[in-house]
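Structure, as structure tokens:
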Amino acid sequence: QVQLVESGGGLVQAGGSLRLSCVASGRTFSRYAMGWFRQAPGKEREFVAAISWTGGTIRYADSVKGRFTISRDNAKTTVYLQMDSLKPEDTAVYYCAAGSSAVVTSIPAGYNYWGQGTQVTVSS
């Protein structure tokens with residue numbers, strides 16, 4: 001089992017920045033690929049970014065490329081999502097996920113464990 005706890009969400013004006021953190025506990029964190037997803041009201045959960053367990057492979061959704069940065073610190077069992085130049089359409093609940101696959105995937109089914117989510121609201 002892996003437990004994931006997100007933090008860092010909040011209310012920010014358009015153009016601002018937030019940094020989300022996800023702390024993992026349980027099984028060996030460094031063996032898991034980590035991903036961030038988001039879900040806005042009335043919409044399906046969508047992929048945001050993912051990083052391999054070594055940090056050597058990173059993927060981003062086209063909608064956040066160039067604005068968001070995913071990173072991880074295996075010693076702290078933490079994955080981060082730095083979000084810059086935020087837009088109102090980034091408003092959603094953001095979820096951290098851990099996957100045991102060696103492949104860094106954008107598909108939710110590829111992740112075994114999920115956090116409870118943290119709300120990000122971007123005002124115009």
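All of these numbers come straight from a predicted model, not from anything done at the bench. All values below were derived from every heavy atom in this structure, side-chain atoms included, with hydrogens, water molecules and symmetry-related copies excluded. Just so you know, residue 1 is the first one in the sequence shown, and it goes up from there.
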Strictly distance-based, threshold 3.5 Å: is any side-chain N or O of [X] a donor or acceptor partner for the main-chain N or O of [Y]?
X   : Y    : value
S63 : A61  : no
T77 : V23  : no
R59 : V104 : yes

Exercise. Mind listing the closest non-hydrogen atom pair of I70 and I58 along with its distance?
Key: CG2-CG2, 3.6 Å
Quiz prompt | Heavy-atom pair of closest approach, residues K76 and T78 | solution = O-OG1, 2.7 Å
Please list, chain by chain and in numerical order, all residues satisfying salt bridge (Lys or Arg N to Asp or Glu O under 4.0 Å) with [X], sequence neighbours excluded.
X   : result
K65 : D62
R38 : E46, D90
R31 : none

Exercise. Using the test ring-ring contact (aromatic ring centres under 6.0 Å, His included), find all partners of Y60 that sit at least two apart in sequence or belong to another chain.
Key: none
Exercise. Please name all residues satisfying ring-ring contact (aromatic ring centres under 6.0 Å, His included) with F47, sequence neighbours left out, ordered by chain then number.
Key: F37
Exercise answer: donor-acceptor pairs, residues 1-13 side-chain atoms, under 3.5 Å, sequence neighbours excluded:
from : atom 1 : to   : atom 2 : distance (Å)
Q3   : OE1    : S25  : OG     : 3.3
E6   : OE1    : Q116 : N      : 3.1
E6   : OE1    : Q116 : NE2    : 3.4
E6   : OE1    : G117 : N      : 2.9
E6   : OE2    : C96  : N      : 2.8
E6   : OE2    : G117 : N      : 3.3

Listing, residues 48-55 side-chain donor-acceptor contacts under 3.5 Å, not counting sequence neighbours, or none:
from : atom 1 : to  : atom 2 : distance (Å)
S52  : OG     : T54 : OG1    : 3.3
S52  : OG     : G55 : N      : 3.3
S52  : OG     : G56 : N      : 3.2
S52  : OG     : T57 : N      : 3.0
T54  : OG1    : G56 : N      : 3.0

When you compare the side chain of [Y] with that of [X], does any pair of heavy atoms fall below 4.5 Å?
X    : Y    : value
T91  : V120 : no
Y111 : S100 : no
W36  : M83  : no

Practice problem: Not counting sequence neighbours, which residues clear side-chain contact (heavy atoms from CB on, under 4.5 Å) with S17? List them please. | Solution: Q82, D84
Self-check item: Non-neighbouring partners of E89 that pass side-chain contact (heavy atoms from CB on, under 4.5 Å), sequence neighbours left out
Solution: K87
Quiz item: Do W114 and M34 share a hydrophobic cluster, counting only Ile, Leu, Val, Met, Phe, Trp and Tyr and linking them when any side-chain heavy atoms are less than 4.5 Å apart?
Solution: no
Quiz prompt | Residue pairs passing the disulfide bond (SG atoms under 2.5 Å apart) test where at least one lies in residues 40-71, sequence neighbours excluded | solution = none
Quiz prompt | Residue pairs passing the disulfide bond (SG atoms under 2.5 Å apart) test where at least one lies in residues 32-81, sequence neighbours excluded | solution = none
Quiz item: Where do L20 and F68 land on the side chain to side chain contact (heavy atoms under 4.5 Å, CB included) test, with the steps shown first?
Solution: CA-CA 11 Å; L20 304 184; F68 290 11; over 6 Å; no
Exercise. Indicate the ring-plane relationship of Y113 and Y32, choosing parallel, tilted or perpendicular according to the 30° and 60° boundaries.
Key: perpendicular
Quiz prompt | Listed once per pair and sorted, the salt bridge (charged side-chain N to carboxylate O under 4.0 Å, His left out) pairs that draw on residues 98-124, sequence neighbours left out | solution = none
Quiz item: Does NZ or CZ of R72 fall inside the cone over Y80's six-membered ring, less than 6.0 Å from its centre and within 45° of the axis?
Solution: no
